[in-house]
Amino acid sequence: MGPDVMWRRDRTAIAATMAAVVGIAVQAFLPSGPARDLLFLAVAIGAAVAVVRARRRMSGPPRRAWALLSVGLVAWVLGDVIWTVLEWGLDVAPYPSIADLAYLVSYPLLAMGLVRAFPAPSGRRPVWWLDAFLMMGGLLLILWLLVLDPALNGWGADPAAGLVGAFYPVGDALLIVTLARSGNAMRERTGAYRLVVIAVSTILIADLLFQVGQTWQVRADQLSLLDPLWLVGYVLLAEAARRQAVHDGGPLAPGTELGGTHFVLMAGSASVVPLTLVVSDLSGGPIPVVEVCTIGVLMVVAMMTRFWGVLGDLRATNSRLARDAVTDPLTGLSNAAGLDQHIGSRAEGVAEDARPALLLIGLDGYRDVVETLGHRWADEMLRAVARDLADVAPPHALAARMNRDLFGISVWVSGDTKDTEADALAARILARLGTAFSVSGMSVVTGAAIGVAVSPEQDATLGRLAERAEVALGAARGRTQRIATDLPAATGEGGPAGAALLHDLVGGVERGELVVEFQPVTSVATHDVMGAEALVRWRHPVHGLLGPAAFVPAAERTGLIRPVTLAVIDTALRWCATWRESSPEFTVAVNVSAHDLHDPRLVDDVRAALDRHALPASALTLEVTETMAMRDVPRGERTLRALATLGVQLAVDDYGVGYGSLNYLRRLPFTVLKVDRTFVAPATTDSVCAAILRSTVALGHALGMHVVAEGVEDHATFALLAELGCDSAQGWALGRPTTPQAFSRHLVGGPAASMVSALDGPNGS
């Protein structure tokens, strides 16, 4: 239907409504007689026809609700027509009559229409009826006393009239309770549905006044004054139907909670019951014990039923909140709080000697999915991963989503199997996540790294295990097998440091437990020791001397590396100042991490250390690996340029095994190029490594850089470097890392002429 047709229909309906309003005003002032009644019927029939026509233009649930409302209104108007024909056409007024049948049929039809128009939420239908009865119980008692009792008292004289007369207050009671129920559901409703309630309420008020007037034997001409009130209800119902047909949006979602108005109505309704007894006693009339007790008992039962329902709702809400508190809303897995509960409690069936273990699973590629496909796809990927983790988790284990793309699984491992159970589970998880899964019909493959932490005791908390598992996860990201297990206080060169060990590190720096050893850097041309690389060790009071691999990687990932770096720089510069007394051009090199490079305080820290030891900036070389510098190029570049402006020498460490980007060398202000031992050590026997070494030396010189070769382990390699024109070299053949006191003796000895051909270990640099 075109908009022009709809506009013309709407304009016609509005004109009809205005005409009906004028008709009501005229009818109210006409004297009793056929003209007044005919005008009444004209307005009533017009309103009924308007409702039926408007209902035909509706669809969905509103159409079904208005089918009942329109038939109810037609039945009521039909009763008006029959009553008028009997009274004026046939000059009879039988009671009961067919008109009464039409009136009585309209009550349930209007009530069912209201119920359809205001549907209750699933599972709450009885609650709304109870609330409606509690709000209107007092009014029902008054209706019983004023209308139902007089009708029942006339039962013996005329049973038919008494029965019909009793049906009217029962119908009114049905509409009263239904209206209360609808009003309870009417929050945030459309204007059409508000008019429905007002229209039916107006019709009900007119009907109640009419019945009370008949009981009190009010004259017929006085009762006819209620005609405009009925007509107002009819016209309002027609206007509501028109609005619904125009908008056809359906009712809004029903409300579920009681407001302050509802409680006021309930309190007022409850007070009517005892007040009726008081008024009856003071008036000297008969006390309506049966009526008051019946309504009172029903209200008490309704109140108790409602109370138990509220308690049930509170229990259900409490259970839902408790469940939500430990559940991740996106994946449906447990969250960190639920994982903490699982770790802290021992499930049935778990061995007595079992210990809790935590697997932290960090996904690969989540950021790529977000940036290329969007968050919706990324969320679907997380849900798919969650399903896989839930499937692969063994009995008594719990899978959880910790945060964005980090998952965790808590599992109990037998005390006599050490960590093999957790490691085996980690391997199964990697295999499962390594297979493709479908996201919105697209095949997606994601990888992961897994950090495993096993509690040394049978009691543990998520906090303690998570600290160690995070350390292990960081180590796993740098491993080919993508799995790392954190052992308490692990001290091996290849193992990640335990959380307790990292906590000891801060105090260890303050107590001076760090030991700095120096490895000489030798000039290839003159064989003179021209500098040294500072290498840190930790003399732990319990675990003895720890190599850097036992604590430096973990300290870098957790942010504890800064005090370590500052301590090494300070020690290196202090000894450099001593050695420059005999070798004025002597320099020291210190490794810095990505965390150091991205710390805005690094430049000021270096400047302060140089000033403290009265050294020029050229005495210090800071070594940075390609991988570290490329993690955050803008921030790293700012720091490196500030250091270069200060005058510090900057070295590319382990060149050739990282990104190997020429643009990286072009953009950043490096002055030293250190070739990784991977290409240096085998260069005398491997032609490919020799070619790479030759081209790297030439590249460094072409860029104006000082080239240092690492991993010199024999005289032949040193000779090859001299042939290639390499500037400096370091390695065990030229000097192992040693204490500063021993290094001083080596430096005093002059040129590094102590090269040997047989070496007893790998390069220590």
Side-chain angles (χ1 to χ4, degrees), residues 9 11-56 66 69-107 109-110 164-165 168 171-172 175 195-196 198-214 217-242:
R9 282 192 174 185
R11 185 176 62 175
T12 302
I14 294 175
T17 301
M18 297 303 297
V21 172
V22 173
I24 294 173
V26 173
Q27 197 269 350
F29 292 101
L30 285 177
S32 298
R36 190 173 194 272
D37 289 344
L38 288 176
L39 184 57
F40 177 93
L41 292 180
V43 175
I45 293 173
V49 171
V51 171
V52 172
R53 294 183 62 185
R55 180 258 174 191
R56 293 176 180 173
W66 279 97
L69 290 172
S70 61
V71 174
L73 179 59
V74 168
W76 201 294
V77 173
L78 180 61
D80 291 335
V81 172
I82 295 173
W83 184 84
T84 303
V85 171
L86 291 175
E87 184 179 24
W88 294 105
L90 302 179
D91 196 23
V92 294
Y95 181 77
S97 68
I98 300 177
D100 295 299
L101 178 61
Y103 287 133
L104 294 176
V105 167
S106 66
Y107 287 108
L109 290 172
L110 291 174
V164 173
Y168 276 106
D172 289 330
L175 277 182
L195 283 177
V196 171
I198 296 173
V200 177
S201 300
T202 304
I203 295 172
L204 177 61
I205 292 171
D207 190 56
L208 288 172
L209 293 176
F210 183 82
Q211 293 184 52
V212 172
Q214 284 189 320
Q217 297 181 351
V218 177
R219 297 195 314 269
D221 58 338
Q222 292 177 324
L223 289 177
S224 65
L225 296 176
L226 298 175
D227 290 347
L229 196 58
W230 262 302
L231 292 179
V232 168
Y234 300 162
V235 173
L236 287 177
L237 200 60
E239 175 63 16
R242 183 192 68 81

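Atoms considered below: every heavy atom in the structure, side chains included; atoms not considered: hydrogens, waters and symmetry mates.
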How far does [atom1] of [X] sit from [atom2] of [Y], to the nearest 0.5 angstrom?
X: Leu209; Y: Leu204; atom1: CG; atom2: CG; answer: 9.5 Å
X: Leu101; Y: Ile82; atom1: CG; atom2: CD1; answer: 8.0 Å
X: Leu236; Y: Ser201; atom1: CG; atom2: OG; answer: 10.0 Å
X: Ile205; Y: Ile198; atom1: CD1; atom2: CD1; answer: 10.5 Å
X: Leu208; Y: Leu175; atom1: CG; atom2: CG; answer: 9.0 Å
X: Met18; Y: Glu239; atom1: CE; atom2: CD; answer: 10.0 Å

For the residue pair [X] and [Y], what are the closest heavy atoms and their distance?
X: Ala240; Y: Leu195; result: CB-CB, 3.5 Å
X: Ala47; Y: Ala238; result: O-CB, 3.8 Å
X: Leu226; Y: Ala206; result: CD1-O, 3.7 Å
X: Val232; Y: Ile24; result: N-CD1, 3.9 Å
X: Ala199; Y: Gly233; result: CB-O, 3.4 Å
X: Ser70; Y: Val52; result: CB-CG2, 4.3 Å

Given the options Thr202, Val43, Leu73, Tyr234 meets side-chain contact (heavy atoms from CB on, under 4.5 Å) only with Leu73

Can you find a heavy atom in the side chain of Leu69 that is under 4.5 Å from one in the side chain of Leu110?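 Yes, at least one pair of side-chain atoms sits under 4.5 Å.
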
Check your understanding: Does any non-hydrogen side-chain atom of Leu109 lie less than 4.5 Å from one of Trp76?
Key ->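 In short, these two side chains do not touch, never coming nearer than 4.5 Å.
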
Residues at least two apart in sequence or cross-chain that pass salt bridge (Lys or Arg N to Asp or Glu O under 4.0 Å) with Arg36, listed by chain then number, are Asp227

(Q) Evaluate Leu237 against Trp66 for side chain to side chain contact (heavy atoms under 4.5 Å, CB included), listing each step before the verdict. (A) CA-CA 10 Å; Leu237 200 60; Trp66 279 97; 4.1 Å; yes

**Request:** Verify, without hydrogens or angle tests, whether Asp37 (side chain) and Pro34 (backbone) share a donor-acceptor contact under 3.5 angstrom.
**Result:** no

Open item on the list: Let's go through Tyr103 and Trp83 carefully: what are the C-alpha distance in whole Å and the side-chain angles of both, what is the deciding distance for ring pair (Phe, Tyr, Trp, His ring centres under 6.0 Å) to 0.1 Å, and is it a yes or a no?
Closed with: CA-CA 10 Å; Tyr103 287 133; Trp83 184 84; 8.5 Å; no

Phe40 meets the ring pair (Phe, Tyr, Trp, His ring centres under 6.0 Å) criterion, sequence neighbours left out, with none

